[in-house]
Amino acid sequence: MLKHTFCHSPRLSVTDEQSLWEEGYSTWKDIVWSEKLPLKYKQNQALLDTCRKSAFHLGNSDASFFYNTLPTKEHWRLFKDFREKTAFFDIETTGLDRNKNHITTIVLYDGLKLRHYVYKENLEDFCKDIEDYKLIVSYNGKSFDAPFIRENLKIPLNQPHIDLRYVLNSLGYRGGLKSCERQLNINRRGLEEVDGFMAILLWERYIKYGDEKALETLLAYNALDVINLEVLMIIAFNQKTAETPFKHLRIPVPTAPKMTLIPDNEIIQKIKGIDSYGRL
DNA sequence: TGTAGTTTCTTTGGCAAAGG
DNA sequence: CCTTTGCCAAAGAAACTACA
């Protein structure tokens, strides 16, 4: 998708880009090799420069160049070109306030390998593992997960970051991650009843009683969220490209990876209905 | 070529939504 | 509970057009 992108050039809107596509300018090459361009003087100058730079930066696998020049609404375009270097991630915490609460677990998924990190066990390993990726994807992570990680783990976490909340929102899907999954018929396989609040209670149970099954259930929930992020990203990417002339960019939806973390339904049922003071 | 007038892009501010 | 972001409207800054 990036090779077809022109709207990261100064003074060039997505509408201008649309008209370029309609006039037959499909890729950066078509601009660079063209005798004369159909836009206004300053736009043409900038566009020529942008297309040359873009070819260079894509050749260098430099995601930041595109991230910094594209309008935020168009960040989804980075996905296909940087898919091999993309990490999906999600955190669970003891609450929403990052001054009072801390991270309990993190799950990291790159489409092949699923890794998890646990507070006071191996949480810090996340810091070096995430460095291998050039693009990170989350749901509402720009305002929640990423600032929480920066504060808690003291890392910059400054990779280009696609927040699916806003991508899905622009496609008409709103109401939170679980709601988006339902609208798109994405399965939650035995974890339908777990939510962020229960994640706190599962963690408390693990800490209080050393209940390993509670931790595994929490990690299974955390992992499922992250696995579904990839599916959502691909569906969103396909719907976005369907709005352009470049439908051949469609990505097949992957089959779910095998899960070794097994949620414990007995614990889920037990915790369901407990209020924030731990009473039934 | 210089400048007024118009179009187009960018910045600013207040509001609502989402995460555990 | 708190923070960040996108959205939308309005104002501001650039750049383009027309005309003498």
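Bear in mind the structure is a predicted one, so any value in this text is a computation, not a measurement. Numbered from 1 within each chain, the chains take letters A, B, ... in sequence-line order. Scope of the values below: all heavy atoms of this structure, side chains included, with no hydrogens, waters or symmetry mates.
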Of A/D163 and A/L96, whose nearest nucleotide on DNA chain C comes first from the 5' end? A/L96

Quick check: closest heavy atoms across A/S143 and A/R98, and the distance to 0.1 Å? O-NH1, 4.3 Å

Which residue, A/R165 or A/N169, contacts DNA chain C at a nucleotide closer to its 5' end, judged by nearest heavy atom? A/R165

Residue A/Q43, side-chain atoms from C-beta onward, closest of B/dC9, B/dG20, C/dG6: B/dC9

Counting side-chain heavy atoms from C-beta on, which of C/dC1, B/dT10, C/dC16 comes nearest to A/Y41? C/dC16

Between B/dA18 atom P and A/E181 atom CD, what is the distance in whole Å? 14 Å

Measure from CG on A/L224 to P on B/dG20 and round the result to the nearest Å. 12 Å

Taking any heavy-atom pair under 4.0 Å as a contact, classify A/T72: base, sugar-phosphate, or nothing. sugar-phosphate

Using a cut-off of 4.0 Å on non-hydrogen atoms, how would the nucleic acid contact of A/G176 be classed: base, sugar-phosphate, or nothing? sugar-phosphate

Verify the contact: side-chain N or O of A/T94 to OP1 or OP2 of B/dG20, cut-off strictly under 4.0 Å; return yes or no. no

Indicate, with a heavy-atom threshold strictly under 4.0 Å, whether A/I91 touches base, sugar-phosphate, or nothing. sugar-phosphate

Of the candidates B/dG20, B/dA18, C/dA15, the side chain of A/K42 sits closest to C/dA15

Looking only at atom types and distance, does a side-chain atom of A/H8 sit under 3.5 Å from a main-chain N or O of A/P71, one as donor and one as acceptor? no

Rounding to an integer number of Å, can you tell me how far A/N152 CG sits from B/dG19 C1'? 14 Å

Examine C/dA14: is either OP1 or OP2 under 4.0 Å from a nitrogen or oxygen in the side chain of A/K40? Give yes or no. no

When the distance from NZ of A/K100 to C1' of C/dT3 is rounded to whole Å, what number comes out? 13 Å

Is the distance from OP1 or OP2 of C/dT4 to the nearest side-chain N or O of A/R98 less than 4.0 Å? yes

Just how far, in rounded Å, is P of B/dG20 from CD1 of A/I149? 12 Å

Measuring from the side chain of A/K73 (C-beta onward, heavy atoms only), which nucleotide among C/dC7, C/dA15, B/dG20 has the closest atom? C/dC7

Classify the side-chain pair A/Y117/A/D129 by whether it contains a donor and acceptor separated by less than 3.5 Å. yes

Between atom CZ in A/F144 and atom P in B/dA18, what is the gap in whole Å? 15 Å

Choosing from C/dG6, B/dG20, B/dT8, which nucleotide comes nearest the side chain of A/K142? C/dG6

Identify whether any heavy atom of A/G141 sits under 4.0 Å from a base atom; if not, whether one sits that close to sugar-phosphate; answer base, sugar-phosphate or nothing. nothing

Just checking A/N222: base, sugar-phosphate only, or nothing, at a heavy-atom cut-off of under 4.0 Å? nothing

Residue pair A/S138 / A/H161, side-chain donor-acceptor N/O under 3.5 Å: yes

Length of the CG-P vector between A/D195 and B/dA18, whole Å: 15 Å

Angle class for the A/Y119/A/H102 ring planes (parallel below 30°, perpendicular above 60°, tilted otherwise)? parallel

Heavy atoms under 4.0 Å, any strand shown: does A/T104 hit a base, just sugar-phosphate, or nothing? nothing

In whole angstroms, how far is the C1' atom of B/dT8 from the CG atom of A/L47? 16 Å

Given C/dG6, B/dG20, C/dC2, which nucleotide is nearest the side-chain atoms of A/Y166? C/dG6

Could you tell me whether a side-chain N or O of A/Q43 sits under 3.5 Å from a main-chain N or O of A/L12, the two making a donor and an acceptor? no

Of the nucleotides C/dT4, B/dG20, B/dA18, which has the atom closest to the A/D225 side chain? B/dG20

